[in-house]
Amino acid sequence: MTIRVWDYLPEYEKERTDLLDAVETVFESGNLVLGRSVRGFESEFAGYHGVPHCVTVDNGTNAIKLALQALGVGPGDEVITVANTAAPTVLAIDAVGATPVFVDVRADDYLMDTARVADAITPATRALLPVHLYGQCVEMAPLERLAREHGLLVLEDCAQSHGARHRGRLAGTMGDASAFSFYPTKVLGAYGDGGAVLTHGEAVDRELRRLRYYGMEDVYYVVQTPGHNSRLDEVQAEILRRKLGRLDEYIAGRRAVAERYAAGLADVAAATGLVLPALADGNDHVYYLYVVRHPQRDTIMAQLSRRGITLNISYPWPVHTMTGFSKLGYAAGSLPVTERLAGEIFSLPMYPSLPVDVQDTVIGALRDVLTAL
Ligand SMILES: *Cc1c(COP(=O)(O)O)cnc(C)c1O
């Protein structure tokens with residue numbers, strides 16, 4: 001038997017009737033694109049967050065890209081973010097013609113080191129793009145202060161943090177806009193691709209609706225300024241509506257897995273140098289990923305793999321070290337914490353329907369491997 005880091009089949013098993021009903025609801029509705037389900041999900045996802053506007057799109061990458069465009073970020077602008085993220089964060093900045101600027105992350109919680117942001121600001125800086133990584137939020141107060149002082153926009157990358165709270169505020173409600181992904185593995189995942197942007201701004205909402213629909217508004221078939229085809233599919237929207245009603249349950253399920261891991265590993269972790277996830281001050285973690293760290297990561301993963309447990313690394317190559325971003329000119333060693341973490345982090349299996357016996361198998365195997373190092 002192989003244990004995978006993520007699997008949707010146990011959830012599908014439980015929710016099958018509801019999910020198939022969602023599909024049938026759309027097929028019988030007589031409207032397959034931008035219909036009742038997309039409108040319904042947008043209003044419900046905005047309502048969950050207490051934010052006035054939600055515009056759905058086809059995936060999380062395009063949520064970031066269209067949000068940047070709608071906020072007016074483009075060529076010549078610099079956007080400050082991190083290199084310890086999914087490449088799409090940076091691809092989206094690149095796609096609008098802006099320049100990504102990286103700050104290092106903190107060694108304890110792997111989140112953007114907000115103390116380094118001020119030094120990265122130049123006259124070309126237009127926006128700050130914090131990534132709420134692995135399921136917990138970046139410290140927002142310093143970013144909000146810098147944004148006010150320098151007239152910068154704040155776009156939150158919430159692809160990994162649906163339902164996470166920071167000092168009581170929900171991820172996605174704190175910036176000028178926020179981008180979500182509903183890729184199947186995410187805390188709120190579709191059965192295919194999906195994404196959304198939340199914003200407090202009426203004008204940003206309007207621009208996003210135009211950008212996702214070829215650049216057309218009011219008069220169909222007339223492009224005002226060129227846009228994209230970036231619509232969320234009705235079937236995915238209806239599935240997401242059903243699953244949004246269970247988001248808080250999913251989060252509770254993830255927290256229960258995290259607690260079981262922590263309880264089952266704490267003593268051996270302390271004795272062998274395995275670093276368990278740290279909760280940053282003021283955060284409620286939703287555990288999109290359960291990321292641990294050890295200097296002998298590769299040996300540990302190889303030995304677990306031999307026992308049928310295949311784990312993931314998020315992310316093994318920091319974005320600034322990728323060939324595709326060599327044009328940004330970051331030398332090896334320029335983001336020392338990010339680079340060191342990339343060689344040590346790995347993720348344990350994490351999803352709300354992860355069976356308890358599988359959690360215990362993972363704990364047991366990891367304990368054995370660590371003790372025998
Ligand atoms: C998943 C992810 C994205 C991209 O979302 P897609 O739906 O896969 O395009 C962007 N940023 C982060 C941090 C992500 O984890």
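Everything quoted here is computed from the prediction, not taken from an experiment. Atoms within a ligand are numbered from 1 in the order they appear, just like the ligands themselves.
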Side chain Gln136, main chain Ala280, donor-acceptor under 3.5 Å |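 At least one qualifying donor-acceptor pair exists.
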
Going by the order shown, which atoms of ligand 1 are within less than 4.0 Å of some heavy atom of [X]?
X: Val131; result: 13 (C)
X: Thr85; result: 13 (C)
X: Ala86; result: 12 (C), 14 (C), 15 (O)

Checking a contact table here: which protein heavy atom is nearest [atom], and how many Å away?
atom: atom 11 (N) of ligand 1; answer: Asp157 OD2, 2.8 Å
atom: atom 1 (C) of ligand 1; answer: Lys186 NZ, 1.7 Å
atom: atom 9 (O) of ligand 1; answer: Thr61 OG1, 2.5 Å
atom: atom 12 (C) of ligand 1; answer: Ala159 CB, 3.4 Å

Could you tell me whether Asn62 approaches ligand 1 through its side chain, its backbone, both or neither, with non-hydrogen atoms closer than 4.0 Å?
->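 Looking at Asn62 and ligand 1, no heavy atom falls under 4.0 Å.
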
Atom CG of Leu289 and atom CD1 of Ile313: how far apart are they, to the nearest 0.5 Å?
->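 One gets 12.5 Å once the value is rounded to the nearest 0.5 Å.
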
Of the options Arg241, Glu234, Arg242, which is the one that meets Thr25 in a side-chain hydrogen bond (donor to acceptor under 3.5 Å, both in side chains)?
->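 Going through the options one by one, the only one that passes is Arg242.
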
Would you call Arg209 and Glu42 a salt bridge, taking side-chain N to carboxylate O under 4.0 Å as the test?
->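 Counted as a salt bridge, because a side-chain N and a carboxylate O are separated by less than 4.0 Å.
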
Which is it for Phe182 and Phe45 under the ring-ring contact (aromatic ring centres under 6.0 Å, His included) test, yes or no, and what are the steps along the way?
-> CA-CA 12 Å; Phe182 306 118; Phe45 197 63; 5.4 Å; yes

Lys186 charged N/C atom sitting above Phe180 aromatic ring, 6.0 Å / 45° =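 Because its charged atom misses either the 6.0 Å distance or the 45° angle limit, Lys186 does not stack over Phe180.
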
Would you confirm whether the ring centroid of Phe325 sits within less than 6.0 angstrom of the ring centroid of Tyr330?
->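 Centroid distance Tyr330-Phe325: not below 6.0 Å, so no.
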
Close approach, His132 and ligand 1, non-hydrogen under 4.0 angstrom |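 No; His132 lies far enough from ligand 1 that no heavy-atom distance drops under 4.0 Å.
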
Under a 4.5 Å cut-off applied to non-hydrogen side-chain atoms, are Val319 and Leu328 in contact?
-> no

Does any N/O atom on Tyr183 come nearer than 3.5 Å to any N/O atom on ligand 1?
-> no

Return a yes/no value for Gly60: is any of its N or O atoms, backbone included, closer than 3.5 angstrom to an N or O of ligand 1?
-> yes

